Amino acid sequence: MAHSTDSVFINLGPVHPSTHGVFRMRAHIDGEVITDIEPVFGYLHRGIEKLAEGKSYRQVIPLTDRLDYVASMNNNLAYCMAVEKLAGIEVPERAVYIRVIMAELQRIISHLLGIGSFFNDMGTFFTPFFYMFIQKEKITDLLEMVSGQRLLFNYMRFGGVSHDLPDPFLPALSQFLREMPAEIDKYERLLKENEIVLARSRNVGVLSREMAINSSISGPVLRASGVNWDIRKADPYSCYDRFDFDVPTGSNGDCYDRYRVRIEELRQSLRILEQAVSKLPKGKVINPVPLRFKPPVGEAYSHIEGNKGELGFYIVSDGSDKPYRMHVRAPSLLNLSALREMLIGWKLADAIIIFGSIDICLGEVDR
Amino acid sequence: MAELILFPASIRSELPFGFWLHLAIFAIGIIAILLTSVIIFIWFERRLVGRFQLRKGPNRAGPFGILQSVADVIKILTKEDIIPSRADKFLFWLAPVIAFSPVVVMLAVVPVAGGALLADLDIGILFIIAMSSITSLGIFTGGWASYNKYSLLSSMRVVSQLVSYEIPLILSLVGVVMLTGSLSLDEMVNAQNVPFILLQPTGFFIFFIASLAEISRSPFDLLEADSELVAGYNIEYSGMKFATFYLTEYCEAIVLSTLTATLFLGGWQGPWLPPLVWLLLKITLVFSIIVWIRATLPRLRIDQVMGFAWKFLLPLAVLNILLTGSFVAFWPEAPSWMIGIANLVLLIGYILFRSRFFKPGGVTVGAS
Amino acid sequence: MEVRIEPCYPEIDAHESRVIEDLKSSSTQPIAEPSGWLDEEINRNILVTTVDKLLNWGRKTSLWTETSFTACCTFEFISTSSSRFDIARFGMEVLRSSPRHSDLIVTAGTLTWKMAPQIKRVYDQMAEPKWVIAMGACGISGGIFADSYSVVPGYNRILPVDVYIPGCPPRPEALLAGIEKLRKKIEQSSISNKS
Amino acid sequence: MTIKLSREIINHSLHEHVSSTDYSFESEAVVTDSASLVKICEVLKSAPGIELDYLSSVTAVDYPDYFEVVYLFYSIKHNHSLTLKVRCPDKQQPDIPSITPLYNGANYQEREIYDLFGISFVSHPKLRRIFLWEGYPGHPLRKDYGIGS
Amino acid sequence: MLSEFGLTALFIVIVLGFSVSLVLIPVALRKPGIVPHNPSDIKSAPYECGLDTIGPTWVQFKIRYYFYALLLITLDVVIIFIYPWAVELHNLGASGFWPVVSFLAIVGTGYVYAWRKGALEWK
C-alpha cells in the first residue's frame, strides 16, 4: 500500500462515539482533508432475512421490530401491508387510521433522535438531544399505553392492530399535539439561525439532485436535494390520500437543508395526526387471521414512506406457513451509496457531520 | 485587620526565617486552595450542565452529590496506568507534569486584599503570559509521545489553536496596561475604581474569547472533540496521568476566570463583603458563563477557529490598542465614560463591519 | 458523473477474517463470572478493610462507561441517561470514548462474530479495575437471534460478565437496578483476594 | 398513484433496440436473461416517455431450479414503475452483468446479493463480501445452507 | 524586589515537585496492591477503535504548520516592543504615540501580505 509520505491511514472504527452504532470507515487523510474513504458494513449483520425463512408469518413480526429499532411501528406496518397485499386481507377502517397515527408518532420519534444526534456530532454536548428526548419520552409513554413496550412494539397484526386504543390514549395524544408545536419553535430558536450551526452545515456535504436519484437515495436526504418524491404522495397507501399535508423539500442538498427538511416534516406529521384524530371512525380493529395461516403461492412488494426513506418488503410465498423469501428494501443502506461522493474532499470534522446528517440506523443497514 | 491575617507581608521581615515561613504557608496554601476549588468546580459544572439539560446532576454521593468529585479522584488515583509499549516512555511520563505545573504557578501573582498571594511581582502580567504558553507544550508532548494516530492529529490541531489564540490574548491586555500604567496586577486592581470591563469592552471581549480558546472550551473545544478524534490527545493516558490532564483543563478554567475577574471585574474590590469572598464570587460568575457557553454552543471547525483568531480577533486587538493609546496619549484626563463609550463604538462598529463579509451561512466564518 | 472506484485492501480483510475465525473457534464455552460473589458464604469471611471500603466507595460512585454500544439497547441506555431516568445522579453520565479512561462496558446490543474481536480488544485495553454489564437478551444469550449464523450467543463467550440485565430492551428501571447490583458487587470486592 | 408500465408501452419503446424474443411478460414483470439485461436497462433509462431513472431495489430469490434477480425501477418524473426479472438457470456458476455503471445505487445491493447468494456480478467495480467477513464458508441465503451458525 | 523573584522561583520548584509526586502516586501504590498492575501486549498496543493500527504513526506534517510558527514569532516580537511602551505611554504623550503607530503599520503590511497569500488558511 504505497501512499504518499504524509497521508495517514486512519479508521473511524466500529467502536467510535459518533458513528451511530457499529459503522466503520477506513479513511486516507492528508493533513485534515479526507482523500479517500471506504465504508465497512456487517458489524450488526444478524441474518434477519435467513431467520425469517425459518419462522411462520406471525413470528416474523417481532423480527421486523429489530430492523430499524427506532422505527419499529413503520417496520411492522410495511411488513403487514406486504402480507395483506399477498393474501388479499381487508383491514377495517378504524385499524387503518390507528396505523397512520402510530406511523406518524414513530416518525416524530425517529426525526427527533436524528436531529438530536446530528447536533451531538456538531458538539453541542447533548443539550438539544436531551430537550428533544423529553418530547420523545412523552410519545414513548403514548406508545407504551397502546402496546406495553417502550422501544420495540410488536403491535400490528395481519388485518389490523393487536389492541384497540385504551381510553386515556386520545386525551393524552391531543394534549401532546397541543404542546408539541411550541417545543419545535423552542428548538428553532436555539438552532435555526445559530451562526455556528450555519457556518458548520451550510454548503457542507452537498448531494446533487442527479447523484441522489442515481444512487437510489430516498427519504429526507433525497428531498433535501430538491426532489419532490414522498411515497405518501406519490403512491398513497392506507388512508394518506384523505389527509392534506405538504412535502418539504430543500434547495441545495447540504447538511443544513437535511436538518430543515426533518424539522418541517415534524410539523407535517403533527398536521396529519390532528386530522387523523379528528376523523377516527369507530368499529372493530382487526379482521382476525388464523395463527398458522398459509397465504396463496405468489409474491408481493409493498413499500411505505419510513422515516429514513422508502421502506419496502418483498415477500415470496410457496403456499406453506413460512415465507419462502423475505427481502427488506433498507433505506439506510441505500442512503449510504452516495457517501463517498459526499465525504471525499471534506475535512474530518465535516465528514462526521455529513454522516450524521444522513441519519442511518445500523440495524437496518446490516439487517 | 484583613491585611494582617491574610498577608503577613510585614512578618516576612521581623520573624527570623520569615521568608521561608511565608513561602511555606502560601505555596501549600495555593496548591490546597486550587485543588479543593477544582474538585468543587468539577461538581459545580456537572450540576450546572445538568440543570441546563433539565436533569439533576450527581446527587447520590454525599449531600447534594458534593462528594462526587472526591469519589472520582479516589477512583482515578487507584486506576491502573497503562504505558503504551511503543510510546516514548520519558516524554510520556513528563507530559502531564509540563502541562499541569505552569497553570498552578500562574496563581502566585494574583492579588487578593491588597497584596499578591505569594509574590507581588511588578511584572505580574508578563509572568502570567509566559506561563500560559508552556501548557500547550505539555499537551503536544503528550499527544506525540503516546504513539497513537488520533492523539498525534489532535495534538497538532491543539498546538496550532493555542498558538494562534495567544496573540489576541496578549494584545487584548495592552489596553489594560495602558490605562493602569504598570505591569503589576496589584496596580491594575487598585486602578480599577471603575471596573475595566466598562472602560475596555473590546479588551474584555477579545480576552474572554481568546481565553475560551486557550482552555479549549466549548465553541473551540477541538482538544477532546470526542465526536471527531475519539478522545483527543489523552487517548493513551489512563489513571493519574489522565487525571492530571483533566486537572489541567479545570485549573486553567479557574485561573483564567480569576484573571478575567482580576483584570476586568475589579479583582477583590467590593463594597460590603470581605475581599476574598468578592473574588470567589466573581470567579464563580465567570466560570458559570463558561459552563453556560459549553452547554449551548456547537463546536467550530479547525479552519474556522484559526480564521477567527487571525482574521477577526487580531485586527480588532490592534485597533483597540490604537484607540486606547490615542486616548491615553492625547487626552489623558478624558472622563472615563468617554473612553468606555469610544471603545464600545469600536467593538460594535467592527463586528457590524466585518459581519457584512460573513453573511449568515453564506460565507463560512474566517474566510474573507 | 463518473463514480470513483472504492479502494479495497485484500490483505487487511484477510487478516481480520483470520482473527474472526480463530476467535470464533476458540470461544465455544462461556467464560465464568469473575468472582463467585453470588454464593454468600465465601464472601462473608472476606475481611473488607477500611482501605477497601474507601476504595470500593470511590470506584462504586464514579463508574465511567465506555461508549461501545451496538444496537437497540443503546436507545434504552440513552433514555436512562436522559432527563427522565437521570443516570447522572449516580455520577455515570460521563461517557468516555477511550477504553483507557473508562472502567465499565455496557454491552447494549447484539454481538456478531465480526464485531467480537473488536469488543474483546477494547475490553483488553481497558485499565484494570473493570466490569462488564451484559444488557438485554442479546447480551445474555443471543436473544431472538440466538440461532443465527453470525450472532455470538451471549457476551460471556467473549468477556467475563459481571451483571446480566434481562429484557429486550430492558426498561430504564431494570438498567438502574442492574447498576445498583453492580455497585453492591463492587462494595464486596477486596484487594486482598484479587476478586 | 404509481402505475405499472403496460405491456404496449414497453413493447413500443423496446422494439427498435431489443428483439422481442429476448424478453417475455409474466404476471406484471418483464422477464429476460442475463444477456440482454444491460441493453434493456439502458433503453428504458433513456427512452423519452419512460425515463426509469430511479432504481428502487435489487433482490434475489433462490428458486429450486434457477436463481432469479428482481429489479424494481421507478420514474420520478412520470411516477410509474417497472419490475424486471433476470433468471440464470445454472446454479453452480451464476453470473449476471452488473448495472452499477448505469445506476450507482445498485453497488451495495449487488455486493449484498453476491455475499449472501453467491451470484457474481460481471464488471462490478468492487465485488467483495459486504456483510460477512472474507473467509466465510458458503453463502447463507441459499436454500441448501443450514440455518445453524 | 529580589525576594519576590526568589519566592516565585522556589514556588515553581515546589509545584514541579508536587506534580511529579502526583503522577508517581499510583506507581508507589502498586506494591501494596491498591493499584492493579498487569500489563499485557494487547493492553499496551495503541488504541484505534478496536483494531490494530496500519501504517506508520509518526509521519511528516504539512508545511503549513511552519507558517503559523513564523507568524507567531513575528507577532511575539511586536508584543515585546509594545508592552514597555504601553506602560510608559501616559508620560510619553503624543510624541511617543506616532513611532509605534508607524511600527504597527509596517508589521500590518507584512500581516496583510500573509493574509492575501493565503498563509492564514488552514488546508
Side-chain angles (χ1 to χ4, degrees), chain A residues 1 9 11 13-18 20-22 24 26 28 36-48 50-51 54 62-63 65-66 69-70 72 109 113 116-117 126 129-134 136-137 140 144 149-152 208 210-211 214-215 338 340-341 344 361-363 366, chain C residues 1 3-9 11-13 16 66-76 78-79 81-86 93 95-99 105 108-119 121-122 125 138 142-151 167-172:
Chain A
M1 279 183 310
F9 176 88
N11 94 72
V15 186
H16 190 274
S18 77
H20 297 256
V22 282
R24 174 181 168 208
R26 290 192 194 127
H28 271 281
D36 207 338
I37 207 160
E38 183 222 351
V40 181
F41 303 98
Y43 287 97
L44 196 57
H45 176 62
R46 302 157 291 193
I48 285 185
K50 183 72 180 180
L51 289 177
L63 267 184
D65 275 341
R66 276 120 187 115
Y69 36 79
V70 176
S72 85
I109 285 185
L113 294 177
S117 57
F126 284 104
F129 194 71
F130 281 154
Y131 271 87
M132 294 174 184
F133 228 83
I134 294 165
K136 182 240 173 204
E137 288 293 334
T140 310
E144 188 182 0
Q149 250 286 5
R150 277 175 60 83
L151 187 72
L152 309 169
S208 69
E210 298 72 26
M211 174 53 85
N214 192 2
S215 313
R340 287 189 67 250
E341 277 67 37
I344 289 182
C361 172
L362 258 296
D366 294 341
Chain C
M1 74 297 293
V3 179
R4 281 179 281 256
I5 304 299
E6 214 173 279
C8 70
Y9 309 98
E11 58 284 351
I12 303 179
D13 294 345
E16 271 160 18
E66 149 82 12
T67 50
S68 66
F69 306 122
T70 34
C72 341
C73 294
T74 317
F75 283 99
E76 278 307 279
I78 292 172
S79 53
S81 58
S82 75
S83 321
R84 186 172 177 188
F85 305 94
D86 189 7
E93 94 275 16
L95 289 179
R96 299 307 303 178
S97 40
S98 154
I105 276 195
T110 321
L111 182 67
T112 56
W113 284 113
K114 195 169 183 179
M115 185 66 183
Q118 274 75 48
I119 289 281
R121 187 183 173 89
V122 164
Q125 285 182 337
C138 300
I144 193 172
F145 308 111
D147 54 5
S148 156
Y149 50 88
S150 74
V151 170
C168 185
R171 295 179 60 86

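Since we're looking at a predicted model, the values are computed, not measured. Labels below follow one simple rule: chain letters A, B, ... track the order of the sequence lines, proteins then strands, and each chain is numbered from 1.
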Contact class of [X] relative to chain A, heavy atoms under 4.5 angstrom:
X: C:Phe69; value: backbone
X: C:Thr74; value: neither
X: C:Cys168; value: both
X: C:Leu111; value: neither

Quiz item: Which residues satisfy the side chain to side chain contact (heavy atoms under 4.5 Å, CB included) test with C:Arg171, sequence neighbours excluded?
Solution: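 Side chain to side chain contact (heavy atoms under 4.5 Å, CB included) check on C:Arg171 returns A:Glu144, A:Arg150, C:Glu173.
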Practice problem: Sequence neighbours left out, what passes side chain to side chain contact (heavy atoms under 4.5 Å, CB included) with A:Glu38? Give chain and number order. | Solution: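 Side chain to side chain contact (heavy atoms under 4.5 Å, CB included) list for A:Glu38, sorted by chain: A:Arg26, A:Val40, C:Glu6, C:Pro7, C:Tyr9, D:Lys126.
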Quiz item: So which heavy atom on A:Arg46 is nearest to which on C:Ser150, and how close?
Solution: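 In terms of heavy atoms, the two residues are closest at CA-OG, 3.8 Å.
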Go through the atoms of [X] and report whether side chain, backbone, both or neither lie under 4.5 Å from a heavy atom of chain C.
X: A:Phe130; answer: both
X: A:Ile134; answer: side chain
X: A:Tyr131; answer: neither
X: A:Ile37; answer: backbone

Exercise. Could you go through the ring pair (Phe, Tyr, Trp, His ring centres under 6.0 Å) check for A:His45 and C:Phe145 one step at a time?
Key: CA-CA 10 Å; A:His45 176 62; C:Phe145 308 111; over 10 Å; no
Exercise. State whether the side chain of C:Ser79 and the backbone N or O of C:Glu76 hold a donor-acceptor pair below 3.5 Å, judged by distance alone.
Key: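 Yes; judged by distance alone, with no hydrogens or angles, the pair exists.
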Quiz item: Quick one: of C:Ala71, C:Gly142, C:Ser83, C:Ala108, who has the most non-hydrogen atom pairs under 4.5 Å with chain A?
Solution: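 The candidate making the most pairs under 4.5 Å is C:Ala71.
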Self-check item: Sole candidate of A:Met132, A:Glu137, A:Lys136 that passes side-chain contact (heavy atoms from CB on, under 4.5 Å) when paired with C:Ser82
Solution: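 Only one of A:Met132, A:Glu137, A:Lys136 forms a side-chain contact (heavy atoms from CB on, under 4.5 Å) with C:Ser82, namely A:Glu137.
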Quiz prompt | C:Gln118, C:Lys114, C:Met115 screened by side-chain contact (heavy atoms from CB on, under 4.5 Å) with A:Val22, the one that passes | solution =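 Answer after filtering C:Gln118, C:Lys114, C:Met115: C:Met115.
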Exercise. Identify which of A:Leu152, A:Asp366, A:Thr140 forms the greatest number of heavy-atom pairs closer than 4.5 Å to chain C.
Key: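 Maximum pair count with chain C is reached by A:Leu152.
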